[in-house]
> 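The structure follows.
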Amino acid sequence: MKSQFLHTNGIRLHYLDYPGPEPPLVLLHGLTANAYAFEGLVQAGLTKKRRVLAVDLRGRGLSDKPAAGYSMAEHAQDIIGLLDALHLDKAELVGHSFGALLSLYLAYHFPARVDKLVLLDAAARLHPQTREMLVPTMGRLGKTTASFAEYLDQARQAPYLTIWDESMEAYYQADVQTNADGSVTPRSRPENIAECLTQGVFAEPWTEYIQAVQQPALLLNGTQNYALDAPLLPREFAEETVAMLPHGRYREVWGNHQTMLYGQGAQEIVQAITEFLA
């Protein structure tokens, strides 16, 4: 795996390039996540099937963090710039949560550049208490912890982490910057992530996009409880979105919104992706 940078849409974008058979898959992570969020899929064998390009979206990981510019349109232009720089005329996108919505946005607005879509746990509607369910993950932003060991210990105690997989550590390591005194602070800024919601997720007519997307799409749904004794994406909402997609398929996989990316869930996702892209 190579850690790479390129310039696109006025920013420096960071991505991980995992070697594998061509053409590559472009992986887009969740709202507050980073490119290492897909390490569980890599460990489950995804790179035996395809070369993988996992992107740090703007404001996350090692990508630039401009003070403003977090609409879906800005995110999409970043990814189109990535495709242009790598001379990829079309891409197969795998997006988790926010990254899945960004994939839908790209498929609608740049249909000639998107071949197929794999949507991991995202839909036109999520659980009605999604804001409350995201409080633990959003709450870490902007806070400094005395050491990475303490930060990791706190992360492991999150109620939605019903399993611990060793590949999760790379994700949490990439989540923070280490300060001169050994303390750590999340790289993503709360104000930028808030703009991703207000100017991105909540600003777009997702039903309109979903009904118009013509590319084959597979929605993989982790239906185990995430918070408040419920999944973040209830199965009925996922199936509702699949029914809107002109060429949509549905598949349930093990785990919840977070744990589906690791262990058994990751193995099922890799198998589903392999069958869908064959």
Side-chain angles (χ1 to χ4, degrees), residues 13 15-16 18 23-42 46 50-61 63 70-83 88 90-111 113-126 130 171 193 196-197 200-201 204 206 209-210 213-222 232-233 237-238 241-242 244-245 247-251 253 255 257-258 260-262 265-266 268-270 272-274 276-277:
L13 196 73
Y15 66 99
L16 304 175
Y18 297 85
L25 292 176
V26 178
L27 274 55
L28 307 175
H29 61 70
L31 180 65
T32 68
N34 60 69
Y36 285 93
F38 299 106
E39 193 67 19
L41 303 187
V42 171
L46 185 59
R50 291 293 186 85
R51 177 186 175 194
V52 166
L53 304 171
V55 183
D56 274 335
L57 299 178
R58 60 170 51 216
R60 290 83 149 187
S63 289
Y70 291 89
S71 66
M72 282 292 175
E74 292 289 0
H75 283 88
Q77 287 293 343
D78 295 345
I79 303 306
I80 295 300
L82 171 81
L83 300 183
L88 299 172
K90 288 188 114 177
E92 294 169 329
L93 305 179
V94 178
H96 176 239
S97 194
F98 178 91
L101 294 177
L102 176 56
S103 298
L104 285 165
Y105 184 97
L106 284 159
Y108 177 84
H109 288 88
F110 302 93
R113 306 302 301 274
V114 178
D115 191 17
K116 293 182 179 179
L117 301 169
V118 179
L119 311 171
L120 305 179
D121 228 40
R125 288 197 297 163
L126 298 177
T130 290
Y171 164 75
I193 299 303
C196 288
L197 290 172
V201 175
E204 303 293 342
W206 294 112
Y209 297 165
I210 289 165
V213 164
Q214 294 299 314
Q215 297 88 339
L218 172 65
L219 194 157
L220 301 177
N221 184 200
L232 191 68
L233 175 55
F237 290 175
T241 285
V242 170
M244 293 183 206
L245 287 162
H247 305 287
R249 306 182 200 173
Y250 173 88
R251 187 159 170 175
V253 297
H257 189 70
Q258 184 73 16
M260 66 186 292
L261 298 176
Y262 302 93
E268 293 180 7
I269 288 171
V270 169
I273 290 175
T274 301
F276 178 63
L277 298 180

> Would you check, one step at a time, whether the test ring pair (Phe, Tyr, Trp, His ring centres under 6.0 Å) holds for H29 with Y36?
CA-CA 9 Å; H29 61 70; Y36 285 93; over 10 Å; no
> Indicate the atoms forming the closest heavy-atom contact of A123 with A238, along with that distance.
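Taking every non-hydrogen atom into account, CB-CA, 4.3 Å.
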> So, do F98 and H75 have ring centers that fall under 6.0 Å from each other?
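For F98 and H75, the ring centres are under 6.0 Å apart.
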> For R251, does the CZ atom have more than 12 heavy-atom neighbours from other residues, nucleotides or ligands under 6.0 Å away?
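Counting neighbours around CZ of R251, more than 12 heavy atoms of other residues, nucleotides or ligands fall under 6.0 Å, so yes.
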> Exactly one of V26, V213, L83, L93 should register a side-chain contact (heavy atoms from CB on, under 4.5 Å) with L106. Which one does?
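Exactly one candidate clears the test, L93.
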> Between the main-chain N or O of L233 and the side-chain N or O of N221, is there a donor-acceptor pair closer than 3.5 Å?
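Yes: the side chain of N221 pairs with the backbone of L233.
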> Ignoring hydrogens and geometry beyond distance, is a side-chain donor-acceptor pair present between Y105 and E204 at under 3.5 Å?
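Y105 vs E204: no donor-acceptor pair found between side chains.
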> Testing the basics here: between T241 and L219, what is the closest heavy-atom pair and its distance to 0.1 Å?
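Heavy atoms only, the tightest pair is CG2-CD1, 4.0 Å.
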> Could you give the distance from CG (L28) to OH (Y15), rounded to the nearest 0.5 Å?
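Reported value, rounded in 0.5 Å steps: 14.0 Å.
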> Taking side chain as C-beta onward, heavy atoms only, is M72 less than 4.5 Å from L102?
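Yes; the side chains approach each other to less than 4.5 Å.
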> Closest heavy-atom contact between R60 and R58?
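Minimum heavy-atom separation between R60 and R58: NH1-O, 2.7 Å.
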> Any donor and acceptor pair, going by atom type alone, linking the side chain of N34 with main-chain N or O of Y171 inside 3.5 Å?
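Confirmed, N34 side chain pairs with Y171 backbone.
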> G30 and S97: which non-hydrogen atoms are nearest, and at how many Å?
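Of all heavy-atom pairs spanning G30 and S97, the closest is CA-CB, 4.1 Å.
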